[in-house]
Trainee: 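Structure provided below as C-alpha cells; questions to follow.
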Amino acid sequence: MSGHTIEPVRIGVCGLGRAFMLSMPGFETDPRIAITAGCGPRAESRAAFQQRFPTTRTYESVEALCTDPDVEVVYVATPHQSHAEHVLCAARAGKHVVVEKPMAVSLQDARRMIEATTQAGVALIVGPSHSFDEPVRLAAETLSRGEFGRLRMINAVNYTDFLYRPRRPEELVTRLGGGVVFSQGAHQIDVVRRLAMSRAVSVQALTGDWDPNRRTEGAYLALLRFEDGVIASLSYSGYAHFDTDEWMDWIGELGHAKSPETYGHARRLLAQARTPEDEARLKLERTLGSPREAPAPRFHEHFGPVIASAERADLRLSPEGLWVYADDARSFRPTIGMTVPRVGLNDAIVDAVRHGRPVIQNGAWGLATLEICHAILESAASGQAVELQHQ
Ligand SMILES: NC(=O)c1ccc[n+]([C@@H]2O[C@H](COP(=O)([O-])OP(=O)(O)OC[C@H]3O[C@@H](n4cnc5c(N)ncnc54)[C@H](O)[C@@H]3O)[C@@H](O)[C@H]2O)c1
C-alpha cells in the first residue's frame, strides 16, 4: 500500500449482497477508498447500507447510481448474469469499473464489456479474485525474479463446502453460470495464471456432479499447459466433506481462524431450508444488516493449498507468507502484515484510477480466465483437450 496523501477513490457499490459484504471491510479500513453510494433493488439492503454509511446516498437502480457525479468507480457486485448490463451502464456514464468474478457467463458478454470500457476510456478491473491475495503477490514476485530458476509446475487444490452454502436457484444451474467451475474455478484459475504469468495454451479437464439434489458441477480436475512450458494441475471439490483449511493451519479462505468443531455446519444450516425460496432467504442472512456479520479477518485470504515448483525450489503459499523448500534449506518469507483486508484490490483501484497505471486483472485477463472456465466444461463433455484462443 503506498502513501495516504492521495484523495480517496470514491466508490459506488452496485449490488448490496454477499460479495459486497466480503469486500466492505477492505474498503472501510483503507483511507485511500471512500464508499460514496450504493444501489440495490431491496429496500432492506438499502436501509442497512444507509445505516452503515450515513453520509452516502442510495439508489434503487444502477442507472440512477451512475448519474451520481461523486461516484468515480462502480463496483459491480450483482449476480453474474447482470454483470454485462451493469458494466455497460457504468461505462456509458464514464465511470471506472470493478466487476466481480467471473466477469460474465458468456465470452460474448465479456467482449462487450471490454469494448465498452475501452471506448469510454475507463478502467475495467475484474475481481477481487484470490489472485489479489498477498501471499500470491509475494510468490509471483519471487518467481518473476527467477531467484530459484524457472517456474515449471503449479499444483492448486481446494476442498470446501461451496455447494452447500445457501444459494439463489440460478447458482445451481450451470448454463446460468452456476456450479463450482464459474464461481470457484475463476479464483483458482486466476491464482494459477498470476503465478505462471504466461499464456495458457490448452486445458484437459473432468468434472464431478454427484448430488442429485444439487445438479451442477460440484468438483473438477483440470490440467493446464502454458506457452513457456509451465504445467498446472487444479482440483476442486465443494462437496462439504474434507476441508483443505485443515492443511492451512485452520485459517479459512476469508482469513479467519476456523474451528474443526464446526464440521458439518453448512449441511446442517442448509437442512433448515425446505424450498428454494427458503434457501435464498438463508443466503440473505449472510448479507449487510445481518446480525451474523463476521468479525474483521486477522489473516490474509487464501484459496487452499498452492505449491509452485521452480527449478531449484518448491514455494508453498500460506495465509501468512511463503514457505520456500530450496535445494539447501527450508525457510519462511512473511507477507506484509494484515491491516487492510483485500488490500491488493484497493492497490489496483488506486493504481488504475489515481495513477492511470495498468492493472494485471483487467478485462482481457477476466476474459482469458472465463475462457478457461468454459474450456473445463467443454473438455469434460468431449473428453478432448481444448486449445485456447483468448489468452
Ligand atoms: N470475490 C468474492 O469473494 C465473491 C464472493 C461472493 C460472490 N462473488 C461474486 O459476486 C457476484 C454476486 O454474488 P453474491 O453471492 O454477492 O450474490 P447476492 O445475491 O448475495 O448479491 C447480489 C446482490 O445484487 C443485488 N441485485 C440484483 N439485481 C440488481 C440490480 N439490477 N441492481 C442492483 N443490485 C442488484 C441483489 O439484490 C443482491 O443484493 C457474483 O458474480 C459472485 O460470483 C464474489
Side-chain angles (χ1 to χ4, degrees), residues 12-27 37-49 58-66 74-90 97-105 109-110 113 125-133 158 160 162 165-172 176-191 238 252-256 276-277 279-290 292 294 297 300-303 341-342 344-345 348 361 366 369-370 373:
V13 182
C14 168
L16 306 175
R18 179 70 186 153
F20 170 55
M21 190 77 173
L22 301 181
S23 295
M24 184 178 75
F27 292 156
C39 82
R42 294 178 57 247
E44 297 88 331
S45 61
R46 290 197 303 276
F49 183 89
T58 57
Y59 301 95
E60 258 182 77
S61 73
V62 184
E63 289 75 16
L65 174 108
C66 288
V74 176
Y75 168 39
V76 176
T78 51
H80 310 341
Q81 61 276 22
S82 306
H83 288 178
E85 180 195 332
H86 295 157
V87 169
L88 262 56
C89 181
V97 188
V98 175
V99 61
E100 270 293 350
K101 46 50 59 180
M103 74 185 285
V105 179
D109 273 353
M113 291 153 81
I125 299 173
V126 180
S129 74
H130 283 285
S131 66
F132 287 88
D133 295 350
N158 206 359
T160 74
F162 181 85
R165 298 175 199 155
R167 298 279 159 216
R168 284 178 270 108
E170 68 267 30
E171 291 181 279
L172 299 172
L176 301 178
V180 300
V181 173
F182 288 108
S183 281
Q184 298 288 275
H187 281 299
Q188 205 173 35
I189 294 162
D190 263 16
V191 169
E253 173 183 350
L254 301 173
H256 299 102
E277 293 74 30
E279 185 173 336
R281 265 194 299 278
L282 269 185
K283 176 160 186 165
L284 282 179
E285 288 180 17
R286 290 157 55 91
T287 60
L288 196 61
S290 150
R292 294 171 356 118
H300 292 297
E301 296 193 359
H302 70 79
F303 202 67
R342 296 191 167 182
L345 172 67
Q361 292 93 339
T369 291
L370 183 62
C373 295

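Start at 1 and go down the list; that is how both ligands and their atoms are numbered. The figures here come from the full heavy-atom set of this structure, side chains too, leaving out hydrogens, waters and symmetry mates.
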Trainee: Using a distance-only test with no angle check, is there a side-chain donor-acceptor pair under 3.5 angstrom linking E170 and H80?
Mentor: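 Judged by distance alone, the side chains do not pair up.
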Trainee: Counting heavy atoms only, which of R46, E253, H80 is nearest atom 40 (C) of ligand 1?
Mentor: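 Among R46, E253, H80, the closest heavy atom to atom 40 (C) of ligand 1 comes from H80.
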Trainee: Which of the atoms of ligand 1 are close to H83, meaning less than 4.0 Å from one of its heavy atoms?
Mentor: 41 (O)
Trainee: Any nitrogen or oxygen of A19 lying under 3.5 Å from a nitrogen or oxygen in ligand 1? Just yes or no.
Mentor: yes
Trainee: Verify, without hydrogens or angle tests, whether R46 (side chain) and P41 (backbone) share a donor-acceptor contact under 3.5 angstrom.
Mentor: yes
Trainee: Sort out for me which residue in E253, H302, K101 forms a side chain to side chain donor-acceptor pair (under 3.5 Å) with H130.
Mentor: E253
Trainee: Which atoms of ligand 1 have any heavy atom of K283 under 4.0 Å away?
Mentor: 14 (P), 15 (O), 17 (O), 18 (P), 19 (O), 20 (O)
Trainee: So between R168, R165, R42, E44, whose heavy atom ends up nearest atom 13 (O) of ligand 1?
Mentor: R168
Trainee: Considering distance alone, does some N or O of S82 sit under 3.5 Å from an N or O of ligand 1?
Mentor: no
Trainee: Among V105, T78, L345, V13, which one puts a heavy atom closest to atom 33 (C) of ligand 1?
Mentor: T78
Trainee: Would you say H300 and P341 make side-chain contact, with heavy atoms under 4.5 Å?
Mentor: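 Of all side-chain heavy-atom pairs linking P341 with H300, none is under 4.5 Å.
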Trainee: Under 4.0 Å from ligand 1, counting heavy atoms only, is it the side chain of H86, its backbone, both or neither?
Mentor: side chain
Trainee: Between E100 and V76, is any pair of side-chain heavy atoms under 4.5 Å apart?
Mentor: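 The answer is no, as the side chains (C-beta and beyond) never meet within the 4.5 Å cut-off.
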Trainee: Is P128 in polar range of ligand 1, meaning some N or O pair under 3.5 Å apart?
Mentor: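 Yes, there is a polar N/O contact under 3.5 Å.
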Trainee: If you measure from atom 22 (C) of ligand 1 to every heavy atom of A77, G15, G40, C39, which option wins on shortest distance?
Mentor: A77
Trainee: Give the single entry among R167, H187, K101 that approaches atom 43 (O) of ligand 1 most closely by any heavy atom.
Mentor: K101
Trainee: So which protein heavy atom does atom 21 (O) of ligand 1 come closest to, and at what separation?
Mentor: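 The protein heavy atom lying closest is G17 CA, 3.3 Å.
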Trainee: Between S129 and Q361, do the side chains contain an N or O donor and an N or O acceptor separated by less than 3.5 Å?
Mentor: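 No, no side-chain donor-acceptor contact under 3.5 Å.
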Trainee: Are any of the N or O atoms of E171 closer than 3.5 Å to those of ligand 1?
Mentor: no
Trainee: Backbone or side chain, does any N or O of E60 fall under 3.5 Å from an N or O of ligand 1?
Mentor: no
Trainee: Apply salt bridge (charged side-chain N to carboxylate O under 4.0 Å, His left out) to the pair R167 and E279, showing each step before the final yes or no.
Mentor: CA-CA 6 Å; R167 298 279 159 216; E279 185 173 336; 6.0 Å; no
Trainee: Purely on distance, is any nitrogen or oxygen of R342 under 3.5 Å from one on ligand 1?
Mentor: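 Yes, at least one N or O pair falls under 3.5 Å.
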Trainee: Can a donor-acceptor pair be found, under 3.5 Å and without considering hydrogens, that links the side chain of T369 to the backbone of G366?
Mentor: no
Trainee: So, the side chain of R286 versus the backbone of R18: is there a donor-acceptor pair under 3.5 Å, distance only?
Mentor: no
